[in-house]
Amino acid sequence: MVSRSDTPLIVAGPCSIESEQQLRSVAESLCRIGGIDMIRCGVWKPRTHPGGFEGLGEQALQWIEALKSDMPQMRFCCEVAQPNHVECALRHGIDAVWIGARTTGNPFSVGELAQALAGCHIPVLVKNAPSPDVELWIGAIERLMAANIDNIVAVHRGFALYNNDRLRNNPLWEVPIALRQRMPDLPIICDPSHIAGRRELVQQVAAEALAIGFDGLMIECHPDPDNALTDAAQQITPQDLQTILQSLSPRNSLADSAEQLLHGLRLQIDEVDRQLLSLLGHRLDLCREIADIKRANNIAVLQSKRMEQMLQNRMQQAEQQGIDPQFVKDIFEKIHAESVRVQLNDEH
Ligand code: PEP
Ligand code: MN
């Protein structure tokens, strides 16, 4: 049984196995770093678009099997998405498997995997589905538990929202916190690589995750990240992983204290404010386009009727959302004034 412990569980390794040499290189580096509990390596890759590198399948598992005899102390895990993947991975002595985000989102697929894994005691890591639906995540875990799979670890990899710009997947920390509240004994680790999407942000997301109190991390690590066949932008070198791990300090359990709940909420406020500012910038860009059209057609910058309609409309929307209309009017008057200023400045 994988149980929650004070020492974070660290899983690291390449997004995909690309060659035997690449696998050996990264595995040897990770062994040298120390403190890595398990090497992750993608063998079957679910790709959003057709035509990309989809993993080397059984051949990669044969390389893992050969490597394991040289590194008996190291454990390896791979993603499984279909029952035949489970059968093949177990036949080659895999130490753990994970269910990827796209698979968790499909209850039929999870049911088939649970059947294929029934009765085996290796850890099964369950990533959240791409949508922020805690029930779908819990449902996948329940399907595995119903098949007597007891070594379950949840992996938070963020959510694919339409407007993600800075991060590849929005962390929406309240969702894994809700999972912790519903299943207090379940270990939950964080995958900062798929949340960040860019290697320079991995450290920051990993630090936030440990500050909130996750039970560990899954980090993508490649000997030559720029030339990786999948997820090149977010993978980091083993050396960078070592630096990141040295910089992190584990905390108490996820949302065990009010302070951690506050921290999680403040992180979300920071993210909302960042989105507000990005939208404000976008709004001002639209105003500049409007300014060009007004100038070309000799139309006055200030259109009081349009301004009045806009303010009335925003106040109505505020009321519908339970926000004080006067407060919203004040904000939009300021925004409108800035829009006029920008349009006038562009005239000179
Ligand atoms: C992966 O771990 O490489 C992967 C495909 O992740 P996810 O299922 O979270 O997208
Ligand atoms: Mn990946």
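One-based numbering, in listed order, for ligands and for the atoms of each. The shown structure was predicted, so the numbers you read here are calculated from the model rather than taken from an experiment.
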Query - Proximity flag M218 to ligand 1, non-hydrogen atoms under 4.0 Å - result: no

Query raised in the report: So is C15 close enough to ligand 1, meaning a heavy atom under 4.0 angstrom away?
Result: yes

Query raised in the report: Can you find a heavy atom in the side chain of W137 that is under 4.5 Å from one in the side chain of H156?
Result: yes

Query raised in the report: Within a strict 4.5 Å, meaning less than it, do heavy atoms of the R199 and D231 side chains meet?
Result: no

**Report entry** Distance-only donor-acceptor check, side chains Q62 and H92, under 3.5 Å
**Finding:** no

**Report entry** Donor-acceptor pair between N84 and Q82 side chains, under 3.5 angstrom
**Finding:** yes

Report task. Hey, could you give me the CZ/CZ distance between R47 and R102, rounded to the nearest 0.5 Å? Result -> 8.5 Å

Query raised in the report: Applying the 4.5 Å side-chain criterion to the ILVMFWY set and letting contacts propagate, would L172 and L136 be lumped into a single cluster?
Result: no

Report task. Could you tell me how the ring of H85 sits relative to the ring of W44: parallel (under 30°), tilted (30 to 60°) or perpendicular (over 60°)? Result -> parallel

Report summary line: Near the Mn ion (ligand 2) (protein N/O/S, cut-off 2.8 Å, waters excluded) we have C15 SG, H194 NE2, E220 OE2, D231 OD2

Specify the protein heavy atom at minimum distance from [atom]: its residue, its atom name, and the distance to 0.1 Å.
atom	answer
atom 8 (O) of ligand 1	A101 N, 2.8 Å
atom 4 (C) of ligand 1	H194 NE2, 3.4 Å
atom 2 (O) of ligand 1	R40 NH1, 2.7 Å
atom 6 (O) of ligand 1	K127 NZ, 3.0 Å

Query raised in the report: Tell me, which pairs form a side-chain hydrogen bond (donor to acceptor under 3.5 Å, both in side chains) where one or both residues lie in residues 303-313, sequence neighbours left out?
Result: N313-Q317

Query raised in the report: Just which atoms of ligand 1 are under 4.0 Å from any heavy atom in G100?
Result: 8 (O)

Query raised in the report: Any ion pair linking E208 and R266 (charged N to carboxylate O, less than 4.0 Å)?
Result: no

Report task. Decide, yes or no, whether a salt bridge links E79 with R40 under the criterion of side-chain N to carboxylate O below 4.0 Å. Result -> no

Query raised in the report: Which is closest to atom 10 (O) of ligand 1 by heavy-atom distance: E79, H156, K45, R157?
Result: R157

